[in-house]
Amino acid sequence: MIDPFGRHISYLRVSVTDRCDFRCVYCMAEDMTFLPKAEILSLEELDRACSAFIRKGVKKLRLTGGEPLVRRNIMSLVRALGRHLKTGDLDELTLTTNGSQLERYAAELKEVGVRRLNVSLDTLDPTKFTAITRWGKLDQVIAGIEAAKRAGLEVKINAVALKGVNDDEFDDLVAWCGERDYDLTLIEVMPMGEIGGEARLEQYLPLSLVRASLNRRWTLDETDYRTGGPARYYVVRETGKRVGLITPMTHNFCESCNRVRLTCTGTLYMCLGQHDSADLRAPLRASESDALLEAAIDEAIARKPKGHDFIIDRRHQRPAVTRHMSVTGG
Ligand code: SAM
């Protein structure tokens, strides 16, 4: 699949559910209304859609959400998708998770072919953790991360940088990850979805400031390491582990975008930061053959936009994109 700007589309992110057992303050409102079941693709439909993308050249598949591991029977989908790893049609199957269910699933994930996981963890302070996630327990997540490590999964920690919330903790996170052999990625908060009380302007912390503060304690060596994602990586000389910075707000990373995103309702977003989308549920449900589905995918890729235009400032208090990250999948 090649888009109008000559970019090869080889990475699909799939949000398998809009539900989550946490309510992170920057991601969701506390009283979210979730989608009715009829609108959600069944696990078999998700498998059909993913398999069509793999036939068309997707090499890397990431399951996300909402929280992917709270979807009932999710392991049957992960196991089914694992068959594409065995044939070599897919290079990598991975997940982004909040870690709350990893104690239960880590060993099985490894067994079906998952090698790496991204686990979201914004703070190492139990009280702050519950304040940020509203419903989460830090102990449970740490136990999940440890279970993943024991199972032989490579863990990368993702932390969203939040002004006045975890901006005193980045050194601790770098040290903690270094001691445990995890890479760390810091993410700028993006203006997605109405989130209630907290204003974006209050949360937004440019990573240029974070980098300057990390430089005081750590030696960050530039590297051209890429994971196929938008992070720019540095190696922390003192720990040997990588720190990635994802800066959608201060650095436009769209030129090398190789990805599209499918929601649990079968809506395909060709850009995280744009409204334009394609409905894949209707062609999926219209016939048992995949011909309509494949035609809809081709049509969508042909209109992948050049890039996004996120702005957070005093004149733009509304979210740039009204859907929540939990809908499109982070
Ligand atoms: N539940 C899983 C998790 O916690 O990783 C997967 C879904 S979550 C939406 C994926 C990632 O998006 C998380 O790392 C989360 O912190 C991040 N995220 C959510 N809302 C965001 C926002 N407005 N700006 C930046 N990152 C956000």
Side-chain angles (χ1 to χ4, degrees), residues 1-18 35 38-66 68 71 77 80-81 84 89-96 190 192-193 228-230 248 252-310 319-330:
M1 291 181 287
I2 300 181
D3 80 358
F5 303 94
R7 295 170 297 193
H8 279 264
I9 309 308
S10 57
Y11 184 178
L12 176 68
R13 291 192 166 212
V14 184
S15 175
V16 297
T17 175
D18 62 331
L35 294 160
E39 289 188 21
I40 308 267
L41 297 186
S42 67
L43 295 172
E44 292 72 23
E45 288 169 330
L46 282 167
D47 181 50
R48 262 180 75 199
C50 292
S51 300
F53 275 100
I54 293 166
R55 280 197 300 280
K56 290 192 158 291
V58 159
K59 289 287 178 194
K60 179 168 170 178
L61 194 67
R62 177 177 295 280
L63 304 183
T64 175
R71 171 123 192 204
L77 176 66
L81 292 172
H84 298 296
D89 293 331
L90 188 64
D91 289 343
E92 181 163 47
L93 175 60
T94 174
L95 278 89
T96 300
M190 289 177 258
M192 300 192 62
N252 210 312
F253 52 52
C254 303
E255 316 78 55
S256 58
C257 182
N258 60 354
R259 65 189 58 192
V260 288
R261 296 172 149 89
L262 184 66
T263 72
C264 58
T265 59
T267 303
L268 185 72
Y269 286 100
M270 288 74 84
C271 172
L272 180 64
Q274 301 273 4
H275 294 282
D276 195 24
S277 64
D279 175 30
L280 301 188
R281 188 177 59 196
L284 258 170
R285 291 186 175 171
S287 84
E288 278 178 21
S289 132
D290 287 336
L292 292 174
L293 171 65
E294 294 193 7
I297 294 173
D298 289 342
E299 185 277 330
I301 300 298
R303 57 190 166 88
K304 181 170 161 67
K306 194 164 181 197
H308 65 240
D309 189 21
F310 287 136
V321 175
T322 47
R323 61 183 191 275
H324 289 92
M325 193 71 141
S326 53
V327 172
T328 330

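Side chains included, hydrogens not; waters and symmetry mates left out as well; all remaining heavy atoms used. Here the structure is a predicted model, which means the values were calculated and not measured.
For R62 (side chain) and L95 (main-chain N/O), a donor-acceptor pair under 3.5 Å exists by modelled atom type. Between the side chain of D47 and the main chain of A80, no donor-acceptor pair closer than 3.5 Å is present. Side chain of R303 to main chain of S277: a donor-acceptor pair is present (N/O by atom type, distance under 3.5 Å, no hydrogens or angles). A donor-acceptor contact shorter than 3.5 Å links the side chain of R7 to the backbone of K306. Checked by atom type and distance alone, the side chain of R71 never pairs as donor or acceptor with a backbone atom of T17 at under 3.5 Å. R281 places a side-chain N or O within donor-acceptor distance of the main-chain N or O of E39, the cut-off being under 3.5 Å. A donor-acceptor contact shorter than 3.5 Å links the side chain of K59 to the backbone of D89.
Contact detail for P283 and A296: the closest heavy-atom pair is CG-CB, 3.9 Å. The minimum heavy-atom distance between L293 and A52, with the atom names listed, is CD2-CB, 3.6 Å. The heavy-atom pair separating R48 from L284 by the smallest distance is NH1-O, 3.0 Å. What you find for S15 and G66 is that their closest heavy atoms are OG-N, 4.1 Å. Nearest heavy-atom pair, G307 versus C254, reported as atom, atom and distance to 0.1 Å: CA-SG, 3.5 Å.
Under the side-chain hydrogen bond (donor to acceptor under 3.5 Å, both in side chains) criterion, T267 pairs with T265, not counting sequence neighbours. Among residues two or more places apart in sequence or in another chain, the salt bridge (Lys or Arg N to Asp or Glu O under 4.0 Å) test is passed with R285 by E45. Not counting sequence neighbours, the partners of R55 by the side-chain hydrogen bond (donor to acceptor under 3.5 Å, both in side chains) test are D290, E294.
Within the 4.5 Å cutoff, no side-chain heavy atoms of V260 are placed close to those of M1. Looking at D18 and I40, their side chains come closer than 4.5 Å, going by heavy atoms from C-beta outward. V58 has its side chain out of reach of H84: every pair of non-hydrogen atoms, C-beta onward, lies at least 4.5 Å apart. Residues M270 and P305 meet the side-chain proximity criterion, which asks for heavy atoms closer than 4.5 Å.
Between the CZ atom in R259 and the CD1 atom in I9 there is a gap of 10.0 Å [rounded to 0.5 Å]. Separating the SG atom in C50 from the CG atom in L77 is a distance of 6.0 Å, to the nearest 0.5 Å. To the nearest 0.5 Å, atom CD1 of residue I2 and atom CG of residue N258 are 13.0 Å apart. How far CG of L292 is from OG of S287: 4.5 Å, rounded to the nearest 0.5 Å. For the atom pair L46 CG and T263 OG1, the distance stands at 9.0 Å (nearest 0.5 Å). For the atom pair CG (L280) and CZ (F53), the distance works out to 5.5 Å, reported to the nearest 0.5 Å.
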